[in-house]
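These notes are about the structure you will find just below.
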Amino acid sequence: MLKGSPDVYLSGPIRKYIEDKGGRFHLRWGCRQILYDRSPDGEILVTGLATSKATDKKVVKADAYVVACDVPGIKRLLPSQWRESKVAGSRTIKAVAASFWLR
């Protein structure tokens, strides 16, 4: 149990840490698609996130990505080709929310 506001005691410090390291947050932008390529040895390489807000669209490119979604959202977002890979595995996610760190 937090002793006060989550923004002060949980998400705020996490956000400050990430921003202090040069990270950026794209709040209120819906992630519509994970853009990726495969290396010659079959490794999945994320090349960007296609996002939108109202009629605006942009592709976010970074060294690493953090995507937080509810389970239905992550099922829509993950490419079907990943379902059998070691990224998603073949187990059912039994959680209320799932977070993926994509490199």
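Please read these numbers as outputs of a predicted model, since none were measured by experiment. Throughout, residue positions are numbered sequentially from 1 according to the sequence presented.
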Check K3 against Y9 and note the closest heavy-atom contact, atom names and distance.
CE-CE2, 3.3 Å

Minimum heavy-atom distance L45-S39, with the two atoms named
CD1-CB, 3.9 Å

Only one of V8, D7, I14 passes side chain to side chain contact (heavy atoms under 4.5 Å, CB included) with S11; say which it is.
D7

Heavy-atom closest pair, residues L77 and Q33:
CD1-N, 3.8 Å

Distance-minimising heavy-atom pair for Y65 and V46
CE1-CG1, 3.5 Å

T51 (side chain) donor-acceptor with G30 (main chain) under 3.5 angstrom:
no

Around atom OH of Y17, are there more than 12 heavy atoms of other residues, nucleotides or ligands at under 6.0 Å?
no

Under a 4.5 Å side-chain heavy-atom rule over Ile, Leu, Val, Met, Phe, Trp and Tyr, are I34 and W29 clustered together?
no

Does any part of the side chain of L35, heavy atoms only, come nearer than 4.5 Å to the side chain of V59, both counted from C-beta?
yes

Give the minimum heavy-atom separation between T47 and D37, together with the two atoms involved.
CG2-OD2, 3.6 Å

To the nearest 0.5 angstrom, please state how far the CZ atom of R24 sits from the CZ atom of R15.
11.0 Å

Partners passing ring-ring contact (aromatic ring centres under 6.0 Å, His included) against Y36 (at least two apart in sequence or in another chain)
W82

Examine the side chains of H26 and K53 and answer whether a donor and an acceptor come within less than 3.5 Å of each other.
no

